[in-house]
Structures are given as structure tokens and as C-alpha cells.
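Below: one structure, written as C-alpha cells.
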Amino acid sequence: MQSWYEKLDNPTLSVLPHDYLRPFQEPFTQQGTYSVALPELDLLTRFPDRYVVSLSVWAAILFRTTGDDDIVLYIADNKVLRFTIQPNWTFQELYGVVNRELESLPPSDGVNFDSLAETMERSQNLEKVPQLFRLAFLKDSHHFNLEHFKHHRLDLALNLHTLNANSSVLELKYNELLYSLERISIIADQFLQFTSSVVKDPLQVISKIPLLTPSTGRVVPDPRANLDWSGFVGCIHDIFQDNAEKFPNRTCVVETPPFHSAKTRVFTYKDINRASNIVAHYLVDTGIKRGDVVMIYSSRGVDLMVCVMGVLKAGATFSVIDPAYPPARQNIYLGVAKPRGLIVIRAAGQLDQLVEEYITKELDVVSRIPSIALQDDGSLQGSSENDDVLSPFKHLKDTRTGIVVGPDSNPTLSFTSGSEGIPKGVLGRHYSLAYYFSWMSKQFNLSENDRFTMLSGIAHDPIQRDMFTPLFLGAQLFVPTQDDIGTPGKLAEWMSKHGCTVTHLTPAMGQLLTAQAITPFPKLHHAFFVGDILTKRDCLRLQTLAENCCIVNMYGTTETQRAVSFFEVKPRSQDPNFLKRLKDVMPAGKGMVNVQVLIVNRNDRTQLCGIGEIGEMYIRAGGLAEGYRGLPDLNREKFNDNWFIEKGHWNSLDKGGDEPWRKFWFGPRDRLYRTGDLGRYLPDGNCECCGRADDQVKIRGFRIELGEIDTHISQHPLVRENVTLVRKNTEDEPTLITFMVPRFDKHEELSKFQSEVPVSVATNPIVNGLVGYHLLAKNIKEFLKKRLANYAIPSLTIVLEKLPLNPNGKIDKPKLQFPSKNDLDLTAANTTTDIDDSEFSPEERQVRDLWLSVLPTKPASVSPYDSFFDLGGHSILATRMIFSVKKKLNVDLPLGTIFKYPTIKQFAVAISHAGGNSKESIPSTTGINYAKDAEELAKMLPSSYPSRKSFISPEDSKHKSLINVFVTGVTGFLGSYILADLLNRSTPNYKIKVFAHVRAQDESKGLDRLITASETYGVWNPSFASRIEIVLGDLSKPHFGLADSRWMQLTSEIDVIIHNGALVHWVYPYDKLRDSNVISTINVMNLAARGKPKFFDFVSSTSTLDNEHYSELSNQLVAEGKAGLQESDDLMGSSTGLGGGYGQSKWAAEHIIRRAGEHGLRGCIVRPGYVTGASKNGSSNTDDFLLRLLKGVVQLGKIPDIGNSTNMVPVDHVARVVVATALNPPAENELTVAHVTGHPRILLKDYLSQLSQYGYDVELVDYDTWKQALESCVIEKGQDNALYPLLHMVLDNLPANTLAPELDDTNAVKSLQKDTVWSGEDVSGGKGATPEQVGIYIAFLIKTGFLAPPTHSGKLPLPTIRISNKQLELISSGAGARR
């Protein structure tokens, strides 16, 4: 039973794509059956076992359709198969793995998986019995059903039957409440097709075998179809002018009155045509050329329509700035747009002086309308002074400009919303602006009789739909006031009063429309949603007020312009049950006319995904935007030529002609826009989105999908709006936090969860939400515990009156931040906690009360099964709590205890054990044995690695060669210096290019992140950029999650790998560091297993030597006259006894690398000790322990008398050792180790005593005195000290924690000597911590503000160091404290 317990701990419960919502009440299951013959299995010759073949096929399909690589299946003989699948395996490899897994499974006689789950519930103190599997694959089990188990209700069970001795039939028993028959038949077809394919060729890669079957191929788009590439229908401004001439007196725009007025402003098509003609002629006359950008400083209203039409008639490109943006942000947009023209709408106000100065100094504006306003009578003013700049052009109000533009001219410059840093400007095309309107009018019954609304953000590209749709149709556009939009309930009244029939909304604006609304608006017949996911709840709320409204969910981006997909939700009046049949998130649907949503296989982009298979979403259409302004590399990445057809395939469609616009057309272009979204096809050909990679975050080592959390929270009956974000708490730790607006309309239900808020804090919205609704937050947490893992439940839920929106109508996430310390203190002081003492043992009550005394907010309730972290704790608070345990309970516990035993019940038992007062076993938290884990992982290594030969010496090389070096961890402290060491070299006959791995959204942001890090540490040189290629991807995934083509490119180009990236955390246990530090190492090492032979250089740590064995061995070797621990040591002396998870993870990685060395891998493992500041100017990572110790000593005024030698080595020298061993490993025929040790070393007390030499008042005291002083200062008096985050280390036997074994560094010296001809200098003598070097560090810390200057002059003057203003700016912003 124990073997099964360990095997099934925390399994992945894969969710196969289903068609209906999972029932939350009886009945949960309604069983259906479907069978299909498998004649291919009857002809097997290559594989002996048809059941293993079938099981392997099903595992591969599960991986493709769920995205889960942790395969968990209940199988024949009452066993459970669990293994990790890899996308690059061939089917033959997968078959072999499954076969071996089956052979190694524990005996199942007498195993009851229901009982096992109940045991897990008890031993792990879970709140409910865990489900261990959800899917099954059986053999000849005739009477098995989906409810066979009490706790493991199955969604789908496959059963392989053998009839008549040799005839195979696959039976699928499925839950009809989840899956349609159509879905099941497709799964059966995919199984049949996959089986047939691998039987013929088992060497196919499992992620590349097509899942698109002949029957389903008919419902997905054909990527070779003609999408009317030459279908230009004209420019929107020309169509508008034609309409204005056809019906000049028809109403075009209606500005509805504000609260204080009854005056409605009505303008005809003639009014707007004339006014925009005046604007156009002015722009042309003052120097605006075709294609110039004209920026409009805008408000919502008719003036914006006039300006946009005027700019388009001038042949120019319009862009809009919203005055709601801060001036500094406005300058950023201006910097991207580089406008030649500027129009300021009078109602928007005046430009800020900061913006005016930027325009004067940085831009070349040749044309400006200072204050434009359309008067009630239709006349136009261009300035408020008597001398109106537009007056000379009013006689041209009925004259067209005659400027010709074409389908590939750029009418719009829109900015991608929500991006960090500098926004990207997207250039639109005239082709797209009008092309789709004719089809839309027929599809959605739109006409000149409709009344449209202007509700979109004025600087958000959907505003173009608001304006251009009615102009195309000859319809009316109604404009609300800001009060109409911002007052809850008012917008619905406005819609009803003015009889609006069509609206464009974002989901956030839709929630604003329905918030506290009671007025129905039955005339609304279509609402088009764009910009974010649309939920069932959003739709229900809207259709409650607008029962005749067809809701259209549109999927597209700024880059796809009007080319979008659509999904229609039928009106309630037409089909009251339509929404009930849908899942919680509306599908993206199908492409509009001549628009395709292609879901492409992520491992083979030459094939589309099958139904249900997760792939990457591309939009294919003639109406895509032109691309990003000034970003050619990004354009190549995101706007792809269609690879499904040959280049120039559609040229024959261009029949030519003498139309003037042809000068502005590039001809037929079949392009695909890569959205970065993941999706899948539904059985009917519609698409649904499955999230984005950048929506996945990691909290405490767990990968979390924010969208999934929000979907579950939105299902709570008292939640109206919600958004979950990751925010840094007061101790700079990433924390999940939910901001929400409750259902204020459900007053009676909501009142049960409301608490009285003292008047003194009621005006603070954050405190008001935390105090007044803490019972609701508790209820939501309970609600989520039934649906999400504990680590995915937000630590804080803050209730607000409304969520802030940005000018584009989206949730303004930057305004939603973690509460301040003052807010948390006020909340704690004004909140009561509901506690039932009878639930707790005396020991548990002690723990509970102690925790409550240190937690930042009082939870609404506490139970013995609550985790310290779920109650709002984090590692810094854990430090405080551990010391409170010591002080109040007189029990010494290592800080790691709280991570290992995080619940009140577990922690109480741990305290009893530590005090020797308990024989009760601590509730299980299954950990991983790092040495055994390393052994098992090593078995999965390739059988051989191509062995790289040494580079030809620069002195002997006859020609110039390029060395491609792949480096991880380049945005860290050491990584920045490794990068600089590589690129600063001027080695004769060699040039180095760096492939830098960076986690970022795209290559551009990756390079920005790398540059910022290098500038922070003072090593960036602009010349580096041309020799850096950014490599994106997740190192914890096979092939980093990259496409095969990109992976193969890397394997064939890279010469040297330097794996420096790691997660450094001194408290996390091994299992939390395993993915980042061990699995990632294997995946990086796999880069050396294929293609060109490579050197592999691994940056490890002397923490692999931190145990008693190596401490004693070091002393013994030194006594024998040797330098210290030998580089040849096999490290088995620390296969046990390493206390920290970080050292264990580095040990495991080293062990696996050594095994790879036995298989042919060549290179070096580099083991540095303390990596300290740069030797010349002291540039440092200010989060470093030794620097915090310096500052902490100054703050305390006392130095601990610790005589340990300290292995401190400047970062530039460590980087030199890493690069030297990477290019010239110490040995040619084996993988070796190189120690990095200080020359000279310095005693810890001597290092700290240098402070007194420079004027600091510090005294040397024994360690116990120092320890008591620090504890009193921080714990009792609450004084600030730099050592606070590291108290667990410095107060828990610092003399033992800072013991550093002496190290032999023969190999390091050998490589440094070889490197002399490569670097031009011999540094084989090493570097260390001289008194002068420590002085440089002190000077750096003072200059950057980390350390206060001494109060008086010392014996020595502070060294003069040089640091750039840019570096100082970045360090002062906190960038220098990154790990």
C-alpha cells in the first residue's frame, strides 16, 4: 500500500475536452457506450502486446488534447499507470516506457484505491478525500462502469476487448453529462487513425502524428483556400463621402445631453463631411503628406469623428491620445508615433506642459490645429482665439481633397493595450476598414435604421468599429456623457431612453452597463464583445436587461484589425435555454467571411490540430494589419507568410487594371498572424481559447493559470466582477490577490457576509473592503477549496465598490496593488476572527494564537487544517513566527519546518517532537530523496553524447571562426558578468556570439530585460546587442517548449553551453527547487545530445559540500599539506547529510551531469563559493548575504567574533573562471570539476572589521552576545535591520553556517592559463578579499545608498569608484537587489 501511496501522491487529474458543464449536484453521471473495431491491432507484427500498444496510443492522445505530461490512468488488473510523457519521443520509445512502467508497478492484490484515498485524507489532513484518477483504460472488463469507485468517479473509461480470439474492439464508456456522442465518435476516430499510423511506422514522433481525421477535416478551415486577397471594396472615408452626398440631411451623430442640460446636439452627414473636408485641406496645405501620422488629443464625441475623417481624407494616418493617460505616458505614445501633425480637441482640454515640452524638443510637428470644436450649427472652429487657423479653408467644405490611397496605405496607428514598457504601435490597412461591413450587415441584420453607440475607449482600436460601422451603413451614432458611462445603472437608462440597437463592448464595459441596472433596453438587438474573455455570467446579465439582444463574442487583436472570429449567443426571447447549454467561457467561434482561425500543431506547424487538440492560434485573412511600426524583427516573428502554400501562389488573381489606388497595393498577400494564444477546435468547427503561456505564473513553485482562478471565482453567486493578479506583498514576495465587486443587487444574501466597519476607517476603500467583507472572502475561499488546489487560492480577496477601468474600457490593473502596511495594520486592528476552540488541541491552540500574532491580516476563521501560507503568511513572516516559537514556547526549530509542515495540526506535532513531548507521528508530507531522485533521473539520459574536441588555439588558427555560446541566467548578477566576459573578448581569429536564454513575452522584451540587468550591474556595452540572439522558452520543459525547427536550429548551431540559471532559495525544500534546478539542467544538457558536439559548462555551488563529512575531510587534507578538497572527489560524501534544498538540488544536478560525462559529454562543473562585488568598482547584488551582514553589523554596532575563513571571490573573476572552463575545459577526455576559491581568503571577523578602518563605530563581541543583541533589536524592539530576512541563518549557529572548506583549484588554474591567449591576460593567480577590496565594496554600498556613510573619518579614506548615472538610477529603483 505504501508504494501506491507514494506513486499517487498529488496526481494530475487530466480533463479531456468536454462539451457540457461538469455537474455540481446529483446526478453526476449518466453512462453512455460507444464501440469501434480496431483491425490494425489484429495485424500487429512489431509489438508483442496489443494492450500496451493501445495504452500508449491513448497516453499520447491524452497528452495532445489536455496538455498534461503527467499521465495518470486506472488500468487493467486493478493498477494505476503514472508516468511523465515527452513530446519528442517516438512511438517506439513511448511503447518501451509504458511497457517498463507496467512491469515496475507494485502488486495490486488487495489494494483498494478508495481506502488508499481515505488514508491520504487522514495522514495529510486534507479537507476531503482526494480523487486519484479520472480516466481509465481497461482490458476485457465487461461489467466495469464509471461509478465503480466511491471517490474516483470516472469521466471516460476505454476498454479493449478481444473477440473470437483475435478480433479487437475498443469500447468507450463515457459520461453523457460531459461529452456529446459526436465528441466520443471523434475520439474513437482519432484513436483508430493514430493506431493505424504507428503500426505502419513506430518511429514517428508522437506529437507529430496527425489527429485531424478525414471526417473532421471538413469542419476546420482549409489553410490553402482563397480568401479574396484582391477584394478591396474602397476606403471608408470615400464610402462616407459618397453616403454624405446621397443623403446629406440624414442624422449621423447624436451627442446626448449631460445631467445638467436638456440640450441634445444633432449633426447630419453633411455637417460632418463638410467639417472633415476643412480639416483635411488644412492638413494638406500645412505640409501633411500621404502616410504621415496625425495625433488626435481627443474626447468622446462628434469632434473625434470629424478629426478622424479629416485625417483620412488627407491621406494620413490617425492615432488617438486619451487625456486620461498621465503626461509621461502620453509622451511615450508620441515617441512611438512620431507624428507630423497634431489636433487638439477643445473638449479634451489643454496639453500638459510636460507634453508640450516633449513635442517642442523631440518631434517634428509641421501641422497643428490647437483647439478644434464643431459648433451646434455645424460650423467648425480650429482655435479659440479670433485668428482661427481653419478660417482660410472653410470655402473648401464641399470640395474633396482628391488624395488617393490604396488597400495597403495605413489609415490607423493603434497601440497594443496592457503591455509593459514602451507600447507597440500597430499600423492598420485601408483594406480591412470597410471590407467586412457588407457581410456583417447581412449576417447580423444591420442597416441604416440602426442606432449605434460610442462606448469604446477613445484610444482603443474598437472605437473605430463604433464610428466606421454606422458611417458605412448610413446609420446613426449616439454618444453618451461620461456621467452616463460612470454612474452605476445610468448607462442602461441611457440605452433605453435613446433606443440604441447595436453596441460594441469590452466585457468590463458590459459589466459596467449592467451594474446595478434595473432599466431594460429591449431595442438592443446586437452587442459585439471584443478585448477579453466573455463569460456566461456576462451574457446572462446583459440578456436579463436586453432579452432581444444577440450577443456576438469576437476574437481578434489589434494586429488582426477587423479580421476576427465570431460566436453568436442567441437572444433570450428566441431561445431561453441557449446559454444553459454552454460552458462558462464563450467560444471564440469561427472566422468571419474570408477569415480563418487556424490552430496549428505546436510541434509541427505544417499540420492543423485535430478536434480537441491544443495548439497555437493563428489568424489568416486578407484584412490583417500591416504590422508594428519600426519593429521589423517582431513583424517577421508575428506576421508570417502562409507556409501551407508556395510563395506567390495567388499572384494570378491580380488581373491588373488602371485604378489609381493600385499604386498603393502590394498585391495579394497570404499572411498569418501569430496570436500567442492557445486554443482547440470544437466538434462543430468553432474554436475555444485555452489561455496563454504568459497567463501562467508560479507561486511557491507551483504553476498557476490566473484565468482558471478567475473563472471559478466568477461562479460564486455573490460575485459580479473579479480579477486575480500576482502582486508583491510588503516583503516583496509574489502573492495571489483577488479584487472583486459583489452582487450589490442581492442585498439580502450579501448582508449575511457583511460586517460593521468603524467610521474611522470606512472612507478607506481597501480597509473597508477587507474589514466589511471578510466573511465573504472566507466564503469564497471555502467555495474555491472544492474547485482549486490550495496553492491556487488567493491569499487576499479585496472587495471594492467597482473595479477601475482604463480609458480603453479594460480593467486598469496597474491601479490594483497589494495593500500598504498601514492598510493591513488598520484591517487587523478592526477585524474579529471566528474561532471554535473545541476544534483545537491545547498545542494547536498555542500554534494558532502564535500565528495570528504575526499574520498581517486576521483571517475570518481558522481551523486546524489551515496552512500558514493560506492564512496570509510568507517566508519573511515565517522567520518572525519561528523566533516567536523559540521565545514563547522555548522550542528551537529550523525555518524549513514551516515549509515542511505548513498546517496548524502538522506544525503543532512538529513542535511537540522537537520538545520531546510527543510520540505522535507528524502528518505526512511526502518529500523526495535527492540522491535517489538523481539516480532515477540519470537513467533517462541519452545513451551517448557527441564528444566535443578542443578549439584550435587562437595562435594556431588559420582563419576567423565563430563560436556560438548558449548561456542561461544572463539577467542575474553572475550571468551579466559572464555575458560581458564573453562579449568583451577580442580573441584573435575568433568571434563570439551569445544565444541568451531569457524568460520574456517576446525577443524584444527579452533583450530589454537583459540590457536592464547588465546596466544595473554596470557591464552593458551597446556594441553587445548585435552579437546577442535571445532564446525564449521554459527550461523546465523538454526542448524548452520551443518548436522543433527552433530546437533543431539550436542543436546544430551551438558550440558551447554555459548553464548558469538556477532558483536560489535557502529555505525551499528540494521538491520545490527540483524543476528549476534539476529538470532544467537535464533539458539544457539535452541540447548537447544532438547535432553539433558541444562543451557543457555548469555553474554549481559549494553548497554541495555543506555537510560534516566534507568539513572533516577538508581539515584532514589541509593537515596533510594539501590545498583542500580535491576537484576529483565524486561528491558521494554528500549524497546524504545536505540540509538545504538548494544544495541538494545542485548535488542532484551535478550527479546527473557526471553520468552524462560517462556517456561522452565533455565540459566542466564550476563550483564558486560567495560571489561578491566586482573587483574594480564593487558593483554588487545588494541582496547578497555578506553585504547584508555588513549593513546589519553597522546598524547593530557589533561584529560577531567568528574566525572562519570566507571564500569570497569577485564576480568578474568567477565569470572569468566560468568562461575559461567553458571554452577550454581542464581535461580533453573527461568531464571535470573546477573549484573557485579566494586568493587570498579573509576571516569573517576581519572582513567585517574593515568597517572600523573607514570610520564606522563597531565593536567585536563574542557570537552569543552579538546574537542576543540582534535578536533583541529585531524581535523584541522591532527595529529595522538588513539581516531580518536572514535571521533564520544568522541566529541559527552562524559559526557553523559560515564554515567554508578549503578547496584545491588546480583545474580552475589550468583553464585560466589556457585562457591567457584567448583573453589577453593571465589571471590564474586568482582574486579574493583583500582589505582594499573590502573598502571598494563599502564605497559602492555608500554611493548607492544601501549603506549610510560613516559618522566620522576613519584611518583609511574611502576608495573612489566610478558608477554611471544609469546604474545608480536602476539600483535606486531596487533593481540591484535581484537574485
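Side-chain atoms are counted along with the backbone in the values below, which use heavy atoms only and exclude waters and symmetry mates. This structure is a prediction, so every number in the text was calculated from the model and none was measured.
Counting only distance, with no hydrogens or angles, the side chain of Ser1364 and the backbone of Gln1367 share a donor-acceptor pair below 3.5 Å. Asp1002 places a side-chain N or O within 3.5 Å of a backbone atom of Lys1005 that can act as its donor or acceptor partner. Distance alone, capped at 3.5 Å, is enough to place a donor-acceptor pair between the Lys1191 side chain and the Phe1346 backbone. Side-chain atoms of Ser1145 come within 3.5 Å of backbone atoms of Tyr1142 as a donor-acceptor pair (strictly under, hydrogens ignored). His1352 places a side-chain N or O within donor-acceptor distance of the main-chain N or O of Gly1255, the cut-off being under 3.5 Å. At least one donor-acceptor pair closer than 3.5 Å links the side chain of Thr1172 to the backbone N or O of Val1209. Between the Ser1180 side chain and the Gly1178 main chain, a donor and an acceptor come within less than 3.5 Å of each other. Distance alone, capped at 3.5 Å, places no donor-acceptor pair between the Ser1014 side chain and the Ile1011 backbone. Between the side chain of His1235 and the backbone N or O of Val1166 there is no donor-acceptor pair closer than 3.5 Å. A donor-acceptor contact shorter than 3.5 Å is absent between the side chain of Glu1127 and the backbone of Thr1232.
Ion pairing between Lys993 and Glu1053 fails under the 4.0 Å rule for side-chain N and carboxylate O. A salt bridge between Arg1046 and Glu1029 is present, with a side-chain N of the basic residue lying under 4.0 Å from a carboxylate O of the acidic one. Looking at Lys338 and Glu362, no side-chain N of the basic residue comes within less than 4.0 Å of a carboxylate O on the acidic one, giving no salt bridge. A salt bridge is absent between Lys1094 and Asp1055: the closest approach of a Lys/Arg side-chain nitrogen to an acidic carboxylate oxygen does not fall below 4.0 angstrom. A salt bridge links Lys1327 and Asp1212; the closest N-O separation between the charged side-chain nitrogens and carboxylate oxygens is under 4.0 Å.
For the pair Ala1308 and Val1217, the tightest heavy-atom approach, listed with the atom from each and the gap, is CB-CG1, 4.2 Å. Here the closest heavy-atom approach between residue Ser1076 and residue Leu1063 is recorded as CB-CB, 3.7 Å. Nearest heavy atom pair, residue Tyr1170 against residue Thr1206, reads CD1-CG2, 3.8 Å. Residues Gln1333 and Gly1328 come closest through the heavy atom pair CG-O, 3.8 Å. In this structure, Leu1312 and Val1323 approach most closely via the heavy-atom pair CD1-O, 3.8 Å. Taking both residues in full, the closest heavy atoms of Ile1028 and Ala996 are given as CG2-CB, 4.1 Å, listed atom of the first, atom of the second, then distance.
Between the side chains of Asn1060 and Thr968, no donor-acceptor pair is found at a separation under 3.5 Å. For the residue pair Thr1237 and Asp1305, no side-chain donor N or O sits within less than 3.5 Å of a side-chain acceptor on the partner. A side-chain N or O of Ser1205 and one of Glu1302 form a donor-acceptor pair less than 3.5 Å apart. His1059 and Thr1081 share a side-chain donor-acceptor pair at under 3.5 Å. Between the side chains of Ser1036 and Asp1075, no donor-acceptor pair is found at a separation under 3.5 Å.
Between atom CD of residue Gln817 and atom CZ of residue Arg727 there is a gap of 4.5 Å, rounded to the nearest 0.5 Å. Here Met1208 contributes atom CE and Asp1184 contributes atom CG; the two are 8.0 Å apart, rounded to the nearest 0.5 Å. In this structure, CZ in Phe1340 is found 12.0 Å from CD1 in Ile1336, a value given to the nearest 0.5 Å. Once rounded to the nearest 0.5 Å, the distance linking CG of Asn1181 with CG of Leu974 reads 10.5 Å. Residue Leu1105 holds its CG atom at 6.5 Å from CG of Leu1303, rounded to the nearest 0.5 Å. The distance from atom CG of Leu1035 to atom CZ of Arg999, rounded to the nearest 0.5 Å, is 7.5 Å.
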Intermediate values then yes/no, side-chain contact (heavy atoms from CB on, under 4.5 Å), Leu1190 and Ile1338: CA-CA 8 Å; Leu1190 266 183; Ile1338 294 172; 4.3 Å; yes

Stepwise side-chain contact (heavy atoms from CB on, under 4.5 Å) test for Val994 and Arg1027: CA-CA 6 Å; Val994 173; Arg1027 290 186 287 146; over 6 Å; no

Residues Phe1185, Thr1298; criterion side-chain contact (heavy atoms from CB on, under 4.5 Å); working and verdict: CA-CA 11 Å; Phe1185 162 65; Thr1298 52; 4.2 Å; yes

Verdict with reasoning, Asp981 to Arg985, per salt bridge (charged side-chain N to carboxylate O under 4.0 Å, His left out): CA-CA 7 Å; Asp981 192 286; Arg985 291 173 173 245; 2.9 Å; yes

Test ring pair (Phe, Tyr, Trp, His ring centres under 6.0 Å) applied to Phe1040 and Phe966, step by step: CA-CA 13 Å; Phe1040 313 157; Phe966 178 77; 5.8 Å; yes

Working for side-chain contact (heavy atoms from CB on, under 4.5 Å), residues Leu1244 and Leu1186: CA-CA 9 Å; Leu1244 184 63; Leu1186 289 175; 4.1 Å; yes

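Counting heavy-atom neighbours within 6.0 Å of Lys960 NZ, excluding the residue itself, gives a total above 12. Within 6.0 Å of CG in Asn1021 there are more than 12 heavy atoms belonging to other residues, nucleotides or ligands.
Side-chain contact between Cys1164 and Ser1311 is absent, with no heavy atoms from C-beta onward closer than 4.5 Å. Considering only heavy atoms from C-beta on, Ile978 comes within 4.5 Å of Val1219 through its side chain. Inter-residue side-chain proximity for Leu1042 and Leu1050 is flagged as met; some heavy-atom pair is nearer than 4.5 Å. Side-chain contact between Leu1248 and Pro1200 is present, with at least one heavy-atom pair separated by less than 4.5 Å. Two residues are said to be in side-chain contact when any heavy atoms from C-beta on lie closer than 4.5 Å; Val1031 and Val998 fail this criterion. You'll find the side chain of Pro1359 reaches within 4.5 Å of the side chain of Tyr1254, heavy atoms only. Under the 4.5 Å side-chain criterion, counting only non-hydrogen atoms from C-beta, Val1236 is not in contact with Arg1216. Leu1010 is listed as a side-chain neighbour of Leu979, based on a closest heavy-atom distance under 4.5 Å.
The cationic atom of Lys424 (NZ for Lys, CZ for Arg) does not lie both less than 6.0 Å from the six-membered ring centre of Phe415 and within 45° of the ring axis.
Taking the six-membered ring for Trp and thresholds of 30 and 60 degrees, Phe1098 and Phe1096 have nearly parallel ring planes, at less than 30 degrees apart. Under the 30°/60° scheme for interplanar angles, the aromatic rings of Phe951 and Phe1095 are found to stand perpendicular.
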